[in-house]
Asker: 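The structure under discussion is supplied below as structure tokens; questions concerning it will follow.
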Amino acid sequence: MEAFQLLSRGGARFDKQRFKSDVQLFNKAPSGEAKVKGVAISHDAQLPPELDFFKYAKASTGKRKAGDKESDAHVESKPAKLERKRRKIEDESKDDHSGAEEEVSPIQKHRVTSKGSDVPTPITTFEDLRERYGVSSRLLSNLSDNSYKYPTGIQAHGIPILLERRDLAAISPTGTGKTLAYLTPIMSALGSPISSRKNDGGHGARAVILAPTRELAHQIHNECLKLAAGRKWRVVLFSKATASTLSDKNVRDKVDIIISTPLRLVASIQEGKLELNNVQHLVLDEADRMLDSEFLSQVQEVIAACTHPDIQKAVFSATLPAGAEKLAMGILRNPIRIIVGLKDTPLPLIAQTLTYVADDASKLPSLLTYLSQPYNPPLLVFTSTQPRTTSLAEELTMNGIPNVDCLHAGMTKKERDDAVGRMRRGESWVMVTTEVMARGMDFKGIREVINYDFPTSVQSYVHRIGRTGRAGREGKAVTYFTDDDAPFLKAIANVLLQSGSSVPEWILKLPKPSKIKRRQMGKVKRADTVNAARKIGRSDAIKKRDMIAGSKRRKEKELREADKDNSVGAEDRLDASGA
DNA sequence: AAAAAAC
């Protein structure tokens with residue numbers, strides 16, 4: 001029963017029908033298509049046993065069995081301890097001017113913290129929205145028609161806040177229904193389509209949603225259309241084509257919601273083809289990405305163009321580093337901030353492993369070996385650059401891996417759309433991609449993510465592996481690392497620990513260099529990594545002995561360094577982001 | 001810290 005609830009409220013984008021067809025597809029495959037070696041058939045149409053994807057909120061249940069056998073020196077997570085530490089840090093960083101920080105949600109099991117004045121009570125069912133805020137039956141039935149039966153944590157807390165017209169910064173893990181958490185209140189607040197009104201005063205779109213990639217904007221648009229069913233809402237996915245149509249006043253004045261990437265919008269504003277002075281709701285999805293240096297000025301320009309005095313702004317993400325949060329809070333007016341679960345932390349139902357591959361040349365053989373054994377398609381493989389994405393996809397295909405696809409932003413719009421289409425239909429078994437797919441994309445079938453190239457930040461890691469384990473389903477994430485990745489290994493390892501996956505002990509024993517020293521120390525750490533990694537595969541006795549000796553040596557070294565440089569503490573930093 | 005993505 002509970003399992004069913006979790007699945008069905010499954011977040012914004014769960015689509016039972018599609019999932020079903022995926023499973024059928026995979027079930028069919030081997031009998032028909034000459035037994036493709038190594039492709040596991042997924043019969044798990046039933047629910048995974050552990051749907052409580054916020055179990056880490058409960059003190060000590062976050063442990064995951066150490067299923068990987070590279071080393072017997074595995075360290076299990078200590079969620080309770082970490083959470084205590086984090087709470088302390090959060091308490092200390094509370095802003096003076098803000099209202100009371102309070103623990104809410106006795107009903108929901110997962111922990112939700114909110115900051116800000118007069119935080120509205122969360123809802124328990126979508127039906128509450130009718131009584132409390134007069135949300136229309138049409139909107140509510142559109143929700144239930146799409147199998148959104150119960151609000152997720154972010155929806156239960158976020159929707160009332162937005163309906164009370166407050167500004168909001170919302171942080172909630174990947175795959176927990178953030179899209180619906182902002183679309184529902186916006187649709188409700190807009191009331192009725194502009195086209196159905198006589199004279200409303202004001203022209204142009206009343207809501208704008210910004211996302212960092214075309215694919216994500218497209219997906220948000222699809223979600224919005226689900227909620228818009230049955231009425232003549234004009235929800236525009238902004239593109240080159242729509243940009244020119246929108247310069248026609250008659251069209252423009254009938255638009256309700258614009259969903260776009262920032263630069264596209266800025267281009268139209270600068271050409272004088274678009275005015276945003278009637279925008280009363282502005283959402284930044286993947287807020288930390290939207291506020292990073294490359295997007296910031298564009299986003300600021302959009303914000304500046306939204307001149308309506310009563311504009312409501314909201315930012316959403318699974319990660320929000322301190323710098324981005326500061327920026328966000330500066331943009332918002334008397335904001336409420338809510339955090340579901342732990343910030344910058346993946347869901348514990350994603351089983352994560354770190355795999356040592358000595359160097360770049362060893363990655364392809366490792367992946368081929370991996371693909372020669374049973375795996376769960378579709379598999380998402382992340383690389384660091386577009387050329388690497390292309391060539392890896394080619395290599396895999398040449399090595400006989402079936403249904404390999406690739407997607408990066410260097411491809412044409414059509415190529416990109418086609419690739420996403422194949423992915424959605426379950427035709428891709430291995431999708432090689434760049435950071436473009438790292439955020440927001442919701443492919444229900446993805447059970448495994450491979451970080452072929454090491455992610456360049458904790459945020460990137462969290463979002464990449466968050467393509468799996470969505471809407472209460474389990475997932476698996478494998479991350480390759482080479483000697484060159486050593487400087488950032490420990491930060492990622494801490495993320496694994498924090499979210500209930502185990503990490504070989506030697507990784508945690510790696511010295512923690514100060515930021516300044518990181519580059520110079522690359523060599524030192526590299527040697528350390530190699531030595532420690534080489535021990536894998538030796539006999540257990542030798543391994544253990546070496547580990548202990550090695551960790552002692554490292555400890556001593558660490559202490560010596562700590563004497564010289566106070567910024568290197570013996571205590572692991574909790575915030576693994578290092579930002 | 002650094003590439004990718006945005007047109």
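Everything numeric here is computed off the predicted structure, so don't read it as measured data. All chains are named by letter (A, B, ...) in the order of the sequence lines, taking the proteins before the strands, and each is independently numbered beginning at 1.
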Asker: Does A/P212 reach a base, just sugar-phosphate, or nothing at all? Heavy atoms under 4.0 Å.
Answerer: sugar-phosphate
Asker: Students often get this wrong, so: under 4.0 angstrom with heavy atoms, is A/S460 touching a base, only sugar-phosphate, or nothing?
Answerer: nothing
Asker: Classify the side chain of A/Q386 versus the base of B/dA4 as yes if they form a donor-acceptor pair under 3.5 Å and no if they do not.
Answerer: no
Asker: CD of A/Q298 versus C1' of B/dA4: gap in Å, rounded?
Answerer: 13 Å
Asker: Regarding A/R416, tell me which of base, sugar-phosphate or nothing describes its non-hydrogen contacts under 4.0 Å with the strands shown.
Answerer: sugar-phosphate
Asker: Measure from CG on A/L284 to P on B/dA5 and round the result to the nearest Å.
Answerer: 20 Å
Asker: Send over the distance from A/H408 NE2 to B/dA4 P, rounded to a whole Å.
Answerer: 10 Å
Asker: Could you state the CG-C1' distance from A/L407 to B/dA4, rounded to the nearest angstrom?
Answerer: 12 Å
Asker: How many whole angstroms separate atom CD of A/E301 from atom C1' of B/dC7?
Answerer: 13 Å
Asker: Using atom CZ of A/F382 as one end and atom P of B/dA3 as the other, report the distance to the nearest whole Å.
Answerer: 18 Å
Asker: Could you give the CD-to-P distance, from A/E286 to B/dA6, as a whole number of Å?
Answerer: 13 Å
Asker: Show me the pairs that pass salt bridge (Lys or Arg N to Asp or Glu O under 4.0 Å) and involve residues 455-466 of chain A, at least two apart or across chains.
Answerer: A/E435-A/R464
Asker: Find out whether the Lys NZ or Arg CZ of A/K178 is both under 6.0 angstrom from the six-membered ring centre of A/F316 and within 45° of the ring's axis.
Answerer: no
Asker: Round to a whole Å and report the spacing from CG of A/D484 to P of B/dA3.
Answerer: 14 Å
Asker: Over 60° means perpendicular and under 30° means parallel, so tell me whether A/Y356 and A/W506 are parallel, tilted or perpendicular.
Answerer: perpendicular
Asker: I need the single residue from A/T433, A/T390, A/T434 that forms a side chain to side chain donor-acceptor pair (under 3.5 Å) with A/H408. Which is it?
Answerer: A/T390
Asker: Within the structure, does a side-chain N or O atom of A/R214 lie under 4.0 Å from either OP1 or OP2 of B/dC7?
Answerer: yes
Asker: Can you find a donor-acceptor N/O pair under 3.5 angstrom joining the side chain of A/R289 to the base of B/dA4?
Answerer: yes
Asker: Quick test of your reading of the model: are A/K343 and A/E325 salt-bridged, counting only N-O distances below 4.0 Å?
Answerer: yes
Asker: Can you tell me if the side-chain N/O atoms of A/S457 get under 4.0 Å from OP1 or OP2 in B/dA2?
Answerer: no
